[in-house]
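Quick note: numbers below take in every heavy atom, side chains included, and nothing from hydrogens, waters or symmetry partners.
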Amino acid sequence: MKIQQFLRGKAFPLQLVLVVPFVLQIFTAVGLVGYLSFKNGQSAVNDLAEQLMARTSDVVDEHLKSYLAIPHALNQINADAIRRGILKVGDRETVGKYLWDQVQAYDVTYIGIGLPTGGGIAAASYDGKTTTIDDWTTEPSKTNTNYATDTQGNRTQVNATWDWDNLTEPWYTEPVAAGKPIWAKVTTSNLPTGPYIAASASRPIYDSQNRLLGMIAVDIHLLKLSDFLRDLNISQFGQVFIMERDGTLIANSGTDKPFTIIDKKIQRLRAIDSSDPIVYTIAKHLQMSDGPKFIAQNQDFQLDVQGKRNFIHVVPWRDDYGLDWLVVTSVPENTFMAQINANTRTTIALCFGALVVATGLGLFTSRWLVHPILRLNQASEAMASGNLNQVVAASNIQELNTLSHSFNHMAGRLRELFTALEHGKEELENRVEERTAELKHALAELKRTQAQVVQGEKMSSLGQLVAGVAHEINNPVNFIHGNLTHVQEYTEDLLEFVQLYQQHEPNPAPEIQSVAEDIDLEFLQADLPKMLASMRLGTDRIRQIVLSLRNFSRMDEAEFKAVDIHEGIDSTLMILQHRLKATSERPEIELVKDYAELPLVKCYAGQLNQVFMNILVNAIDAIEENNAKRTYQELKDHPSRITIRTSMADAASIEVAIVDNGVGMAQAVQKRIFDPFFTTKALGKGTGMGMSISYQIITEKHMGRLECISTPGRGTEFVIRMPLRQAGQQAT
């Protein structure tokens with residue numbers, strides 16, 4: 001009531017009435033916009049910080065998975081080679097070169113094999129440039145000798161010797177206690193090449209009879225993880241570090257090292273003892289809360305470090321072999337807030353400027369200003385909602401007219417930039433897809449090449465073994481077989497002599513008559529020729545088997561050579577005879593040979609026999625899988641059968657078809673039957689490489705074609721078509 005009376009008795013200038021509300025409106029609007037912008041900026045900073053830290057954690061996680069998977073993969077490969085007898089732990093020279101090759105090929109620093117006797121062999125590259133070989137003996141002194149090597153892995157000279165007992169080392173004792181592959185305790189050494197902090201992936205190794213042969217271990221240099229973290233470039237002051245659950249540092253992206261040297265010995269640092277203020281503050285906070293040991297899931301929080309706000313992201317990292325680490329990412333708030341604070345100060349300055357201008361111009365400018373500003377505001381809101389096709393009409397006021405032109409120019413530039421951005425985005429996506437496809441193809445080729453090398457070594461070793469056994473058996477069998485003819489002739493002559501004697505002396509002396517009865521002379525005369533005939537038949541059978549083994553191995557045919565295809569098929573069938581014959585569970589698998597008259601074919605005979613072996617083994621497996629569902633009577637009524645058919649496809653090529661009436665394959669399986677590592681067999685019964693390698697042998701080595709035709713429940717047919725000779729070869 002008093003205010004109304006006061007207002008009735010006062011008269012205010014019109015300019016003041018118009019300017020004050022206008023100024024108050026401008027001040028309120030600008031202040032509110034500035035405040036909301038600041039709050040939205042802080043929210044955006046929090047989201048951006050979380051995204052940056054999550055992306056950094058994902059990058060670290062992927063690197064740790066790939067980097068730490070290499071040692072256990074190498075251990076698995078080496079343990080399998082030792083168990084199969086491919087790698088003999090007693091052959092120290094060969095094992096040393098083998099490990100030397102692996103150190104050269106993979107990002108590891110040490111690969112060693114320790115034996116229960118105390119001896120062992122290892123290859124190491126501590127400086128990442130030169131590779132040496134360690135060879136330690138089983139003598140009481142446990143002397144380890146370090147050898148320099150040439151470019152082929154041959155030992156050239158002795159670098160140093162020292163006492164060494166692998167039976168006391170963690171990489172040997174801890175897997176023995178665990179009885180499985182694990183990560184041994186982290187070890188440290190101050191080597192001439194520099195500080196060495198290593199994590200050892202260790203596992204027991206066994207022979208084919210599952211007897212313990214010792215331990216195999218692969219070391220990785222943990223200081224390389226610090227180099228990786230420094231290259232992440234999170235932000236100008238961002239930092240990442242990795243620590244164990246007890247607080248001991250593994251790696252750090254900062255300049256401080258995760259270790260110290262006392263009396264020339266390496267001592268690892270705990271995070272809470274680090275001189276880096278960020279690492280120290282985060283470690284202290286974790287210790288004061290539940291402690292690093294009890295962090296089971298991701299944690300996000302904020303800390304003040306030396307008066308500056310930092311965003312913290314903690315991620316537990318584990319693997320299947322016992323590693324249990326924490327990956328900690330820290331990003332300072334001022335990394336994002338510097339520009340926002342600058343914009344806030346600019347906004348405040350503009351607010352005061354707008355107040356001064358609004359007060360000076362007052363009523364004179366209010367009307368002219370309202371309408372153009374409203375038009376600009378409407379156009380800005382439309383652009384903010386995504387409609388960039390905005391044009392502001394010219395104003396009578398020169399400054400607003402210039403602002404309109406600037407706005408129109410800015411809108412045009414924004415349209416051009418958004419168009420260019422969309423085009424760049426599409427181009428970038430296309431490039432990413434192309435690079436991804438190239439990397440997938442390269443990875444598949446690498447896996448296939450590795451598997452082919454392993455399979456080639458296995459088949460080469462098998463061929464050498466088969467050829468050696470056949471050669472060793474062949475000589476004594478030929479000797480026995482050749483002498484059986486003379487033995488038979490001598491025996492017949494002796495028996496004729498005995499008969500002649502009995503005819504002329506029907507009543508021999510009592511002593512002779514007694515001996516004849518003791519030895520059952522009459523039975524001996526009747527059975528001895530039969531026994532010799534059986535022995536001759538047995539030696540013939542052994543000679544056929546030896547010939548089949550030699551034909552199958554064909555160790556002397558590494559190059560193209562004209563061979564009889566039927567001979568290779570028959571040799572393979574001879575080797576698989578034990579799987580074709582009848583058993584107590586099923587009748588014999590029938591074998592139908594439909595051979596045409598074929599000329600000699602120039603090919604890699606050993607590799608072609610390997611293809612026949614793979615297809616026939618798969619056919620027998622499919623039949624046995626199908627037989628498991630049928631009774632013995634059903635098997636007799638509908639016998640299992642494998643048909644082998646050969647023919648001339650045309651004048652320059654042949655065709656071999658192998659058909660079984662097994663379980664068959666679905667269409668989805670047929671499409672992937674020749675893919676590397678694809679198998680439908682149970683775990684441990686197939687590698688998935690047999691048909692892939694067979695396909696490569698036929699299509700790439702012999703320029704032929706291998707097809708698979710199958711119907712579920714009715715069987716499968718593999719058709720091989722290949723030329724009589726390769727392009728560029730002369731007919732012989």
Could you list the residues that satisfy ring pair (Phe, Tyr, Trp, His ring centres under 6.0 Å) with [X], not counting sequence neighbours?
| X | value |
| --- | --- |
| Tyr98 | none |
| Tyr695 | Phe674 |
| His72 | Trp183, Tyr321 |
| Tyr67 | His63 |

Response to the item:
In short, salt bridge (charged side-chain N to carboxylate O under 4.0 Å, His left out) pairs touching residues 110-119 with sequence neighbours left out are none
Item to complete: Just grab all the salt bridge (charged side-chain N to carboxylate O under 4.0 Å, His left out) pairs involving residues 102-123, residues at least two apart or on different chains.
Response: Asp107-Lys224
Worksheet item: Would a 4.5 Å heavy-atom cut-off, applied to side chains only, mark Ile644 and Leu591 as touching?
Response: yes
With sequence neighbours excluded, what pairs up with [X] under the side-chain hydrogen bond (donor to acceptor under 3.5 Å, both in side chains) test?
| X | value |
| --- | --- |
| Lys671 | none |
| Thr94 | Asp91 |
| Asp134 | Asn146 |
| Glu625 | none |

Worksheet item: With distance as the sole criterion, is a donor-acceptor pair present between the side chains of Asn614 and Ser694 under 3.5 Å?
Response: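 Indeed, the side chains of Asn614 and Ser694 share at least one donor-acceptor pair under 3.5 Å.
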Worksheet item: Just checking, is any N or O donor in the side chain of Asp219 or Ser200 under 3.5 Å from an acceptor N or O on the other one?
Response: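 Yes, side-chain donor-acceptor contact under 3.5 Å.
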Salt bridge check, [Y] against [X]: does any charged N sit closer than 4.0 Å to a carboxylate O?
| X | Y | value |
| --- | --- | --- |
| Arg645 | Glu717 | yes |
| Arg705 | Glu707 | yes |
| Lys180 | Asp320 | no |
| Asp637 | Arg630 | no |
| Arg155 | Asp150 | no |
| Asp61 | Lys65 | yes |

Item to complete: Can you run down the ring-ring contact (aromatic ring centres under 6.0 Å, His included) pairs that involve residues 564-590, sequence neighbours left out, and say none if there aren't any?
Response: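 Counting only pairs at least two positions apart or across chains, the ring-ring contact (aromatic ring centres under 6.0 Å, His included) contacts touching residues 564-590 are His566-Tyr595.
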Quiz: residues 658-670 side-chain donor-acceptor pairs under 3.5 angstrom, not counting sequence neighbours:
unit_1: Asp660; atom_1: OD1; unit_2: Gly662; atom_2: N; d: 2.8
unit_1: Asn661; atom_1: OD1; unit_2: Arg641; atom_2: N; d: 3.0
unit_1: Asn661; atom_1: ND2; unit_2: Pro639; atom_2: O; d: 3.1
unit_1: Gln670; atom_1: OE1; unit_2: Ser710; atom_2: N; d: 3.4
unit_1: Gln670; atom_1: NE2; unit_2: Met665; atom_2: O; d: 3.4
unit_1: Gln670; atom_1: NE2; unit_2: Ser710; atom_2: O; d: 2.7

Fill in: Inter-residue atom distance Asn78.CG - Ile216.CD1, 0.5 Å rounding
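With rounding to 0.5 Å, CG (Asn78) is 4.0 Å from CD1 (Ile216).
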